[in-house]
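Read through the structure below, which is laid out as structure tokens, and then see the notes.
Because only heavy atoms are used, hydrogens play no part in the values below, and waters and symmetry mates are left out as well, while side chains stay in. No experiment lies behind these values; they were computed from the predicted model shown.
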Amino acid sequence: MWDFSTEPEFQAKLDWVAKFVKEEVELIDILFPGHGEPYDRESEVFHKVIKPMQQKVRDQGLWAAHLPPHLGGMGMGQVKLALLNEILGRTSWAPMIFGTQAPDSGNAEILAHYGNERQKKEFLEPLLDGKIVSTYAMTEPTGGSDPGGFSCTAVRDGDEWVINGQKWFASNYPYAAFVIAMVITDPDVPVHRGSSMLLIPAGTPGMEMIRGTGLSGEKLGEEGAHGYLQFTDVRVPAENCLGEPGTGFAIAQTRLGGGRLHHAMRSVGLCKRALEMMTERMVSRTTRGKVLSAQQSVRQDLADTWIQLEQFRLQVLHAAWQVDRSKETGDPAHAELARLHISAVKSATPKTLVDIMYRNMHLHGALGASNELPIIRWWNAGPVLGVADGPTEAHKDVVAKLLLKHAVPAEDKLFGSEHIPTRLAAAREKFADVLGGLADAK
């Protein structure tokens with residue numbers, strides 16, 4: 001039967017997380033609002049404030065919950081992760097404190113599957129322990145998020161790969177201990193057969209940051225956390241190719257699929273916070289002698305927000321269930337359905353955030369547009385997620401293509417299968433005996 005309840009044992013864990021995030025983690029967001037700060041492992045903030053909080057999470061058995069047990073995680077399925085992440089999404093620091101931050105979570109999965117024993121010892125273990133952070137370099141300044149336009153190459157030279165080219169928006173590069181870069185290793189075939197993933201340790205000669213780009217709201221001229229990288233004859237051992245040469249695109253899609261879904265999960269949490277702010281504002285603020293909640297148009301906005309959020313949350317949970325089912329069955333048809341739902345969720349995420357944050361900001365007036373509330377910063381997450389991990393348009397195209405893949409043309413290509421005159425003739429033929437009896441009765 002259908003059941004939307006949560007097991008009592010897991011609900012108790014979620015209750016602890018909600019209390020911990022509300023009472024402690026949200027305060028860290030206010031004290032240390034810098035975009036790159038969570039990733040700086042050399043900062044006093046990390047050692048004196050964050051590590052003790054991470055230990056509390058470990059004590060609850062919730063550290064890196066997305067990972068399988070043999071890597072120190074809980075082995076949660078995507079549905080449980082969705083319920084957890086919608087709480088963690090309330091703050092920018094929570095993923096770091098719970099060991100689920102991007103891009104480290106995805107890079108850990110790549111290293112776990114494709115790294116050798118030395119690489120796992122040197123990079124994976126400290127990454128899982130939260131001692132280091134990493135960078136994932138896929139996007140390029142000319143190709144954008146279209147791998148077909150990538151030009152950063154790696155050529156085999158004996159026992160080494162030689163890398164040349166550029167990468168754009170390599171997040172957290174200034175703090176990273178290593179980079180996993182998607183590069184073209186065979187330019188004579190399509191990118192889905194000619195790209196590879198290479199592990200490049202920080203400090204490797206020839207890998208340089210042209211500049212660090214910041215997000216909106218950060219001061220121009222200060223080094224941002226998103227690296228614009230130049231690779232000039234960068235040499236790494238042949239064994240640093242993660243997976244077989246030519247499988248980089250497949251690895252990227254597997255890695256990014258989970259990340260897209262997790263972004264949506266955390267967006268649910270952010271929108272829930274916005275809804276809480278709206279309801280609080282409506283019963284607190286008075287205008288023209290009445291509280292805002294007495295104004296019908298204001299109540300309409302609140303209702304629209306709740307309905308949109310509830311629809312989005314159920315869509316995210318359903319997508320998570322599709323992923324869990326595909327992993328359980330191994331059925332290619334289920335995997336295709338999971339891909340459809342992930343792309344649909346990815347497409348819905350930015351609009352949901354923008355719509356809800358706009359209503360939240362508008363309800364709070366000038367205060368909502370100020371830097372004294374977090375609303376504009378949250379609103380900005382919507383457009384950012386519209387381009388992160390593939391633009392919205394690309395994912396809408398995936399959805400449409402998968403839907404059309406199984407579409408069947410109508411026999412009557414001019415009027416289609418729902419043409420009433422055509423169906424009426426067929427219906428009369430099918431029920432001729434009955435209709436004849438009715439006529440006789442009359």
Check the orientation of H226 and F169. Use parallel for under 30°, tilted for 30 to 60°, and perpendicular for over 60°. parallel
Specify the closest pair of heavy atoms between L363 and V298, including all atoms of both residues, with the distance to one decimal. CD1-CG1, 3.6 Å
To the nearest 0.5 Å, atom CG of L309 lies from atom CG of D355 at 11.5 Å
Hey, does V323 have a side-chain heavy atom less than 4.5 Å from the side chain of K327? yes
If I take atom CG from residue D301 and atom CG from residue L292, how far apart are they, to the nearest 0.5 angstrom? 11.0 Å
Got a sec: does the CZ of R273 have more than 12 other heavy atoms crowding it under 6.0 Å? yes
Quick check: do K167 and F231 have side-chain heavy atoms less than 4.5 Å from each other? yes
State plainly whether the residues K405 and E336 are in salt-bridge range, i.e. N to O under 4.0 Å. yes
Please round to the nearest 0.5 Å and tell me the distance separating atom OG of S267 and atom CD1 of I356. 10.0 Å
Nearest 0.5 Å, what's the CG-CG distance between L81 and L261? 8.5 Å
When you measure from the side chain of R260 to the backbone of S343, do you find a donor-acceptor pair of N or O atoms at a distance under 3.5 Å? no
Check: A250 main-chain N/O paired with T247 side-chain donor or acceptor under 3.5 Å: no
Does any part of the side chain of V291, heavy atoms only, come nearer than 4.5 Å to the side chain of M282, both counted from C-beta? no
Is the count of non-hydrogen atoms from other residues, nucleotides or ligands lying under 6.0 Å from K396 atom NZ greater than 12? no
In terms of heavy-atom contacts, does NE2 of H362 have more than 12 from other residues, nucleotides or ligands at under 6.0 Å? no
Under 3.5 Å, is there a donor on one side chain and an acceptor on the other for S347 and H395? no
Taking only residues two or more places apart in sequence or in another chain, which ones pass side-chain contact (heavy atoms from CB on, under 4.5 Å) with E372? L367, S370
Indicate whether the side chain of H334 and that of E328 have a donor and an acceptor atom separated by less than 3.5 Å. no
Test log, rule side chain to side chain contact (heavy atoms under 4.5 Å, CB included), inputs F98 and F20: CA-CA 11 Å; F98 280 76; F20 179 62; 3.8 Å; yes
Should we say atom NE2 of H113 is surrounded by more than 12 heavy atoms from elsewhere, each under 6.0 Å from it? no
Where the side chain of K346 meets the backbone of L385, is there a donor-acceptor pair that is under 3.5 Å apart? yes
Nearest 0.5 Å, please: how far is CD1 in I28 from CE in M96? 13.0 Å
Side chain proximity check, Q60 to W16, heavy atoms < 4.5 angstrom: yes
Taking all non-hydrogen atoms of both residues, which atom of W379 and which atom of Y358 are closest, and how far apart? CD1-N, 3.9 Å
For Q119 and N116, indicate whether the former's side chain and the latter's backbone hold a donor-acceptor pair under 3.5 Å. yes
With sequence neighbours left out, write down each residue that passes side chain to side chain donor-acceptor pair (under 3.5 Å) with E208, or none if nothing qualifies. none
Measure across V49 and M53 and return the closest heavy-atom pair with its distance rounded to 0.1 Å. O-CG, 3.2 Å
Evaluation steps, side chain to side chain contact (heavy atoms under 4.5 Å, CB included), between F150 and M138: CA-CA 9 Å; F150 287 179; M138 181 174 175; 3.9 Å; yes
Please confirm whether the backbone N or O of S171 pairs with a side-chain atom of T135, one donor and one acceptor, at under 3.5 Å? yes
Can V268 and K272 be said to form a side chain to side chain contact (heavy atoms under 4.5 Å, CB included), step by step? CA-CA 6 Å; V268 170; K272 280 188 172 185; 4.2 Å; yes
If every non-hydrogen atom of Q166 is compared with every non-hydrogen atom of Q230, which pair is closest and at what distance? NE2-OE1, 2.8 Å
Can you pull out every salt bridge (Lys or Arg N to Asp or Glu O under 4.0 Å) where at least one residue sits in residues 47-67? Sequence neighbours excluded, please. E24-K56, E44-K48
Between N172 and Q101, is any side-chain donor less than 3.5 angstrom from a side-chain acceptor? no
Is the shortest heavy-atom distance from the side chain of F46 to the side chain of Q54 under 4.5 Å? yes
Whether R90 and E276 form a salt bridge (side-chain N of Lys/Arg under 4.0 Å from carboxylate O of Asp/Glu) is what I want to check. yes
Just verifying a value: how many Å separate I132 CD1 and L127 CG, rounded to the nearest 0.5 Å? 5.0 Å
Flag for S134-D104: side-chain donor and acceptor within less than 3.5 Å: yes
Sequence neighbours left out, what pairs pass salt bridge (Lys or Arg N to Asp or Glu O under 4.0 Å) with at least one residue falling in residues 307-317? E86-R313
Would you say that V162 contacts V234 through its side chain, given a criterion of any heavy-atom pair below 4.5 Å between the two side chains? no
Taking K19 first and then D15, would you say they form a salt bridge - that is, a charged N and a carboxylate O separated by under 4.0 Å? no
Nearest heavy-atom approach of A264 to T349 is CB-OG1, 3.4 Å
With the side chain counted from C-beta on, respond yes when C152 and W168 share a heavy-atom pair under 4.5 Å apart, and no when they do not. no
What pairs of residues pass the salt bridge (Lys or Arg N to Asp or Glu O under 4.0 Å) test when at least one of them lies in residues 234-244, not counting sequence neighbours? R118-E239, D157-R235, E160-R235
Give the table of side-chain donor-acceptor pairs shorter than 3.5 Å for residues 177-190, with sequence neighbours excluded, one pair per line with atom names and distance.
{"unit_1": "T185", "atom_1": "OG1", "unit_2": "G194", "atom_2": "O", "d": "3.3"}
{"unit_1": "T185", "atom_1": "OG1", "unit_2": "S196", "atom_2": "OG", "d": "2.7"}
{"unit_1": "D186", "atom_1": "OD1", "unit_2": "D188", "atom_2": "N", "d": "3.1"}

Using a cut-off of 6.0 Å, state whether more than 12 heavy atoms not belonging to E280 lie near its atom CD. no
Would the distance check show the side chain of H406 and the main-chain N or O of L402 forming a donor-acceptor pair, the cut-off being under 3.5 Å? no
What verdict does the side chain to side chain contact (heavy atoms under 4.5 Å, CB included) test give for F4 and L317, after you've listed the backbone C-alpha separation in whole Å, the side-chain angles of each residue and the deciding distance to 0.1 Å? CA-CA 10 Å; F4 288 89; L317 287 167; over 6 Å; no
Indicate yes or no: at least one non-hydrogen side-chain atom of P95 is less than 4.5 angstrom from one of H262. no
For R325 and Q322, test the side chains for any donor-to-acceptor distance below 3.5 angstrom and give the result as yes or no. yes
Treating D29 as the side-chain partner and S92 as the backbone partner, does any N or O pair qualify as donor plus acceptor under 3.5 Å? yes
Taking T100 for its side chain and A64 for its backbone only, find out whether a donor-acceptor pair lies under 3.5 Å. no
Do N85 side-chain atoms and M265 backbone N/O form a donor-acceptor pair below 3.5 Å? no
For L128, is there any backbone N or O sitting under 3.5 Å from a side-chain donor or acceptor partner on W63? yes
Regarding R359 and Q300, is there a side-chain donor-to-acceptor distance under 3.5 Å anywhere? no
Indicate the atoms forming the closest heavy-atom contact of W93 with F32, along with that distance. NE1-O, 2.8 Å
